[in-house]
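Working notes for the structure below.
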There are 2 protein chains.
Amino acid sequence: MRITTKGRYGLVIMLYLANHYKNDEYITLKEISESENISLKYLEKIMISLNKSDFLKSLRGSDGGYKLAYEPKNYTIKEILNVSEGNLDIVTCLNSEHECPKKDNCSSIKLWKGLNDVIDDYLSNKTLADFMEE
Amino acid sequence: MRITTKGRYGLVIMLYLANHYKNDEYITLKEISESENISLKYLEKIMISLNKSDFLKSLRGSDGGYKLAYEPKNYTIKEILNVSEGNLDIVTCLNSEHECPKKDNCSSIKLWKGLNDVIDDYLSNKTLADFMEE
DNA sequence: TTGATTTCCTACCATAAAGGTAGTAAAATA
DNA sequence: TATTTTACTACCTTTATGGTAGGAAATCAA
C-alpha cells in the first residue's frame, strides 16, 4: 500500500511551483531537478501528465518553464495525486472498471469503502497552500 | 495506491474463520477456496504468513484445518493487513529502513504523515467483529 | 497399517508496474 | 542562427504481483 514516485514527485513539482507562485515567473524543470535531486528526464515524463490537466501554464525556449495557472489554495492534494499517480482506489473492487461480481454480498467491501472514505476526506480537504513554506 | 490480493485474501480468510468461530471447528482452506472462489494453492501461500503470527490454530490431516486462536474482536484489521500484506507505509520516506536523507526539510512529508495517521487510526480501531455477518 | 486428507514447505514462472534513460523535434528567445 | 527549454516517442532494467507445481509430513478413519 503505497504512493509511488510518480505521485510523490508530482507533488514535489507542484509544491515547488506553489512556493514560487508569488514571483509570477516560469520555473524550469532543470531548476526543480537540481534543487530536489531528481532526474530531469524523469521529471519531464511526470510533467506530461500534470500538463495535460489544465492546471499549469508552460512556455518553451529560454526563460521558459512552468508555472501554476491558479493560486495554490485552489489545488487539492487529491486532484494532483489523481493526475500524477493515476488511480487512487485502495482496492480494485472499488474501481468501476474492475467491478467485482461478488461485491453485493462481500463482507470486506464495507471495510474498503470506509478506508477509502477517510483517505478521500483527507486528500480532498488539503490544498497546496497547506504545505507551502511560510 | 492499493492493497494487493495478499492483503485482501488474507482478510477474506480471517473473516471466514471469524464467521465460523462460534462452532469451534477447524475449517479447511479447500472450503474457503471453493466458497470464495480463490485458488487453493494461492490461499495456502497466503496462509503461511498468517500462520506464522500467533493468531491461528492449525491441524493437519482429515478433519483438520484452521481456526482463530482468539475471539474476533481481538483482531484489529491493521494487524491482519500487516501480516498478510506486509508493510503498510503509504510512502517509502516514512519507512525507517528507507529513510530519506532530506526528510528534515521536506515540505511534503507532513502531508504523508497526516495521511498515514488517518489510515492508521481507521485500521487500528476496527476489528474482525465489526465486519462479521450478523 | 493403509489410504485419504490436509497442512507445510520450497521452487519456479509469466506478466505488469515501477523507475527510469536516450534521442529528437518543436517552439521561443537572444 | 545558436541556445534554451518543453514536448514527444521509444526503449530498458529491476522488482512486485499473482500465481502454479510438486512433494513431505502430520493426522485420522477404516
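Order of the sequence lines sets the chain letters (A, B, ...), proteins ahead of strands, with each chain counted from 1.
Across all their heavy atoms, A18(B) and L128(B) have their closest contact at CB-CD1, 4.0 Å. Across S124(B) and T76(B), no two heavy atoms sit closer than the pair O-CG2, 3.6 Å.
Inter-residue side-chain proximity for D63(A) and Y26(A) is flagged as unmet; no heavy-atom pair is nearer than 4.5 Å. Side-chain atoms of V83(B) and S49(B), non-hydrogen and from C-beta on, do get closer than 4.5 Å to each other. You'll find the side chain of V91(B) reaches within 4.5 Å of the side chain of W112(B), heavy atoms only.
Proximity of residues 18-33 of chain A to DNA chain C (heavy atom under 4.0 angstrom from any strand atom) is not detected for any residue.
Residues Y42(B) and S33(B) bring no donor and acceptor atom of their side chains to less than 3.5 Å of each other. E85(B) and T4(B) share a side-chain donor-acceptor pair at under 3.5 Å. E36(B) and Y9(B) are not linked by any side-chain donor-acceptor pair at a separation below 3.5 angstrom, with hydrogens and angles left out of the test.
Residue N87(A) contributes atom CG, which lies 16 Å from atom C1' of dA18(C) at whole-angstrom precision. Rounded to an integer number of Å, the gap from CG of L56(A) to P of dT5(D) is 18 Å. Atom CD1 of I13(B) and atom P of dT7(C) are 11 Å apart (whole Å). One interatomic measurement links the two molecules: CG of L43(B) to P of dC8(C), which rounds to 13 Å at whole-angstrom precision. Atom CE in M47(A) sits roughly 13 Å away from atom P in dC8(D) (whole-Å rounding). We find that CD1 of I46(B) is positioned 15 Å from C1' of dC8(C), with the value rounded to whole Å. Rounding to whole angstrom units, CG of residue N37(A) and C1' of dG20(C) are separated by 15 Å. Rounding to whole angstrom units, CD1 of residue I38(A) and P of dA18(C) are separated by 17 Å.
When each of D120(A), I119(A), D121(A) is checked for a side-chain contact (heavy atoms from CB on, under 4.5 Å) with L123(A), only I119(A) meets the rule.
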Its contact letters, B for base, S for sugar-phosphate only and - for none at protein heavy atoms under 4.0 Å, make nucleotides 16-30 of chain D read -SBBSBBB-BBBB--
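Between N51(B) and the phosphate of dC8(C), there is a side-chain N or O to OP1/OP2 separation shorter than 4.0 Å.
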